[in-house]
Amino acid sequence: MRRFLTTLPVVALALAASTLPGRSDDTSPTAQSIQVADARTAAPEFTGLTNWQNSGPLTIAGLRGKVVLVNFWTYGCVNCVNTLPHVTQLYAKYKDKGLVIVGVHTPEFPFERSTSNVQAALKRHGITYPVAQDNNSATWNAWRNQYWPAQYIVDQSGRVVYSHAGEGAYDEIDRTVGKLLNAQS
């Protein structure tokens, strides 16, 4: 009986840990995604964005009718940089079918506020989609974002239909964009 009582807390801890979301051995899509916004909520408007690259200023209202991927990132974040090849590939695949990607560069550190540093990062990573600087975190706050990187997919009616924080979920993001674009045609 004594042996059972001493091993009981260890067994209970192991059982509790096995139900925690995001475990490293959990491969379900939702376990890999940290949901950062309620689905089907109206996408907040961009606010306080400056220094638009690869485009003039854009608005959520002006993008109605398009599928929009809003990508919060900063060039000094390793996880953000790791997602960029996937984001640029998604743009290349769907830009002629109605996808607009808006990179919202929200700096974590003072050196990331420099427009010339952001421009160098765009060139280094082959980013040709629109990117704006959010140096005062106004759009970050409007979207109630908390993570670098974070991706939000906005449907043609201006609603957030999918969100993901961190690396990964690339196939799920691609499928979601593809379904929205096919639904339009």
Side-chain angles (χ1 to χ4, degrees), residues 21-22 29-88 90-91 95 99-122 124-125 127-170 172-173 176-177 180:
T30 56
Q32 299 300 319
S33 297
I34 299 171
Q35 295 301 311
V36 292
D38 293 329
R40 295 283 170 200
T41 59
E45 191 55 75
F46 299 134
T47 183
L49 296 179
T50 61
N51 304 319
W52 284 84
Q53 306 296 318
N54 303 325
S55 163
L58 300 172
T59 64
I60 289 295
L63 292 170
R64 188 72 45 99
K66 302 278 187 183
V67 173
V68 181
L69 174 76
V70 179
N71 183 40
F72 285 92
W73 71 293
T74 184
Y75 72 82
C77 163
V78 171
N79 300 102
C80 297
V81 170
N82 289 343
T83 66
L84 294 177
H86 302 281
V87 176
T88 56
L90 192 71
Y91 184 62
K95 68 180 178 183
L99 174 67
V100 176
I101 295 180
V102 178
V104 179
H105 186 273
T106 309
E108 183 176 11
F109 301 108
F111 67 87
E112 294 170 321
R113 295 175 184 273
S114 163
T115 300
S116 62
N117 288 351
V118 173
Q119 289 170 332
L122 298 181
R124 182 170 54 251
H125 298 292
I127 297 172
T128 59
Y129 53 81
V131 174
Q133 289 180 254
D134 189 24
N135 283 352
N136 295 318
S137 301
T139 292
W140 173 284
N141 291 331
W143 284 67
R144 296 187 176 157
N145 189 50
Q146 299 177 31
Y147 307 100
W148 287 284
Q151 299 83 34
Y152 297 84
I153 299 175
V154 179
D155 70 8
Q156 293 91 333
S157 65
R159 297 210 150 306
V160 176
V161 296
Y162 178 85
S163 60
H164 173 76
E167 296 182 50
Y170 306 120
E172 189 174 356
I173 291 169
T176 302
V177 168
L180 289 170

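The first residue of the sequence shown is numbered 1, and numbering continues consecutively from there. These numbers were taken from a predicted model, which means no experiment stands behind them.
Atom CZ in Phe72 sits 10.5 Å away from atom CD in Gln151 (nearest 0.5 Å). Note that the NE2 atom of His164 and the CD1 atom of Ile173 stand 5.5 Å from one another [nearest 0.5 Å].
In this view, Thr106 and Asp134 satisfy the side chain to side chain donor-acceptor pair (under 3.5 Å) rule, not counting sequence neighbours. For Thr88, there are no side chain to side chain donor-acceptor pair (under 3.5 Å) partners two or more places apart in sequence or in a different chain. Not counting sequence neighbours, the partners of Thr50 by the side chain to side chain contact (heavy atoms under 4.5 Å, CB included) test are Gln133. In this structure Thr128 satisfies the side chain to side chain contact (heavy atoms under 4.5 Å, CB included) test together with Tyr91, sequence neighbours excluded. Taking Gln119 as the reference, Gln53 meet the side chain to side chain donor-acceptor pair (under 3.5 Å) condition, with sequence neighbours excluded. For Asn79, the side chain to side chain contact (heavy atoms under 4.5 Å, CB included) criterion is met by Cys77, Pro149, Glu167, not counting sequence neighbours. Among residues two or more places apart in sequence or in another chain, the side chain to side chain contact (heavy atoms under 4.5 Å, CB included) test is passed with Arg124 by Tyr75, Ala120, Ala121.
Residues Leu90 and Leu99 have side chains in contact (heavy-atom distance under 4.5 Å, counting atoms from C-beta outward).
Distance alone, capped at 3.5 Å, places no donor-acceptor pair between the Asp155 side chain and the Leu180 backbone. At least one donor-acceptor pair under 3.5 Å links the side chain of Thr139 to the backbone N or O of Thr47. Between the side chain of Asn54 and the backbone N or O of Tyr129 there is at least one donor-acceptor pair closer than 3.5 Å. Judged purely by atom type and a 3.5 angstrom limit, Asn117 uses its side chain to pair as donor or acceptor with the backbone of Phe111.
Trp148 approaches Trp73 most closely through the heavy-atom pair CD1-C, 3.7 Å. Residues Val102 and Leu63 share a closest heavy-atom pair of CG2-CD1, 4.2 Å. Tyr147 and Asn145 make their closest contact through O-ND2, 2.9 Å (heavy atoms, listed as atom of the first residue, atom of the second, distance). Nearest heavy-atom pair, Pro107 versus Arg113, reported as atom, atom and distance to 0.1 Å: CG-CG, 3.7 Å. Closest non-hydrogen pair, Tyr170 versus Asn82, comes out as OH-O, 4.0 Å. Considering every non-hydrogen atom in both Gln146 and Trp140, the closest pair reads C-CZ2, 3.6 Å.
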In residues 55-62, what donor-acceptor pairs under 3.5 Å come from side-chain atoms, sequence neighbours left out?
{"unit_1": "Thr59", "atom_1": "OG1", "unit_2": "Gly62", "atom_2": "N", "d": "2.8"}

Evaluation steps, side chain to side chain donor-acceptor pair (under 3.5 Å), between Glu112 and Thr74 = CA-CA 7 Å; Glu112 294 170 321; Thr74 184; 3.0 Å; yes
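For Asn51, the CG atom counts as densely surrounded, since its 6.0 Å shell holds more than 12 non-hydrogen atoms of other residues, nucleotides or ligands.
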